[in-house]
Amino acid sequence: MNTLTIPTPDDWHLHLRDGEMLKGVIGHSAAHFARAIIMPNLVPPVVTGADAAAYRDRIRVALPQGASFEPLMTLYLTETTDPDDVEAAANSGLIKALKLYPAGATTNSDSGVRDFDKVVPVLERMAQIGLPLCVHGEVTNSDIDIFDREAVFIETVLDPLRRRVPGLRAVMEHVTTADGVEYVKANDTDLAATITTHHLIINRNHILAGGIRPHYYCLPVAKRETHRLALRAAATSGDARFFLGTDSAPHPTDLKENACGCAGCYTSVNTMSLLAHVFEEDGALDRLKNFASLNGPKFYGLPVNQSQMTLVKSDQPISFPTGFETGAGHVTVFDPGFDVFWHPQ
Ligand code: DOR
Ligand code: ZN
């Protein structure tokens, strides 16, 4: 099979940033995706409906001329989030989810949640109105090993929270462990997970063996190979509870190649090529559409895109830029470490 046509994909977890970085990166997502769930971890974060409306306007202004890309906005859940503001923003169609960052878990998460009791009223309102919660699923306690933080979060935070707020619809964002995959599979349709492109490709050896590779460092950090294989099996299975969220997260290259490098892989440019490669390798090309185009809209209750994307397989490897300049500095593109032959037409 040398061509594959699927409904235009969506990205259910994306960091576009703001200002010059936004202008520098948005064209990549708009070229390949019809919609994306936009992460709210700006400085300061997108907390209120008014913040989200203003951010959506800035994104629309930054779009290349003629691009039809719809930003699906989210609010950053804080301990003082007002349930009425959330409901109004959801009812007006402005927001599609709230994002839960445990305080300190990742980039710009200082305003996140420390005391989960304080957010229960908001979560109860979300359950009532069917608004999903996107969850960064890592505990932040310094005594928990970084490679265990997702599994411990599921057991000590997510599962108790879901029991406390029945009917809450939740997405485990960028799931990185077999534990996460199993937890999703053991539950009903109120729970789903996004999987990134890079977590289907790298394990922790890629980051650390033979030299430290800062462009493979993201959060949650890639785990051992058995976990990567569990993610591959989930993504390529067609199971409606797993869908693409690239977590493409641009940082200036000098802040990644740094004594204290930032977390984030930038994959908006090559995600669809890499996914076609991965799905073909696993004999599941026919299920790429489920992962990238069908399962996400189903969970979010949105229509599948009417437009289509055709991916073509070349005889020769295709080349991607290793990086690109933005008004906010140079950004390095995720390098899968193997040749890629598929590309969107
Ligand atoms: O690697 C990451 N980068 N993980 C996150 O959760 C946040 C993101 C970012 O904003 O840079
Ligand atoms: Zn993210």
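Small disclaimer: the values here were computed from a predicted structure and weren't measured. Numbering of ligands and ligand atoms starts at 1, following listing order.
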Mind checking whether Phe243 and Trp12 have parallel, tilted or perpendicular rings, split at 30° and 60°?
perpendicular
Looking at Arg149 and Asp145, is any side-chain nitrogen of the basic one under 4.0 Å from a carboxylate oxygen of the acidic one?
no
Relative to the heavy atoms of Ala249, which atoms of ligand 1 are at a distance of less than 4.0 Å?
3 (N), 8 (C), 9 (C), 11 (O)
Heavy atom under 4.0 Å from ligand 1: found in Ala263's side chain, backbone, both, or neither?
both
Please identify which atoms of ligand 1 are closer than 4.0 Å to at least one heavy atom of His174.
6 (O)
Within a distance under 4.0 Å of any heavy atom of Cys218, pick out the atoms of ligand 1 and give their elements.
1 (O)
Determine whether the side chain, the backbone, both or neither of Arg17 has a heavy atom under 4.0 Å from any heavy atom of ligand 1.
side chain
Of all the N, O or S atoms in His13, which has the shortest distance to the Zn ion (ligand 2)?
NE2
For Leu219, counting its heavy atoms only, list the atoms of ligand 1 lying under 4.0 Å from any of them.
1 (O), 2 (C), 4 (N), 5 (C), 6 (O)
Could you tell me whether any N, O or S atom belonging to Asp247 is less than 2.8 Å from the Zn ion (ligand 2)?
yes
Under 3.5 Å between any N/O of Tyr101 and any N/O of ligand 1: does that happen in this structure?
no
Proximal ligand 1 atoms for His136, defined as those under 4.0 Å from one of its heavy atoms:
6 (O)
Any N/O/S atom from His15 (main chain or side chain) under 2.8 Å of the Zn ion (ligand 2)?
yes
For Phe33 and Phe69, run ring pair (Phe, Tyr, Trp, His ring centres under 6.0 Å): C-alpha distance rounded to whole Å, both residues' side-chain angles, the deciding distance at 0.1 Å, then the answer.
CA-CA 7 Å; Phe33 298 96; Phe69 173 82; 8.0 Å; no
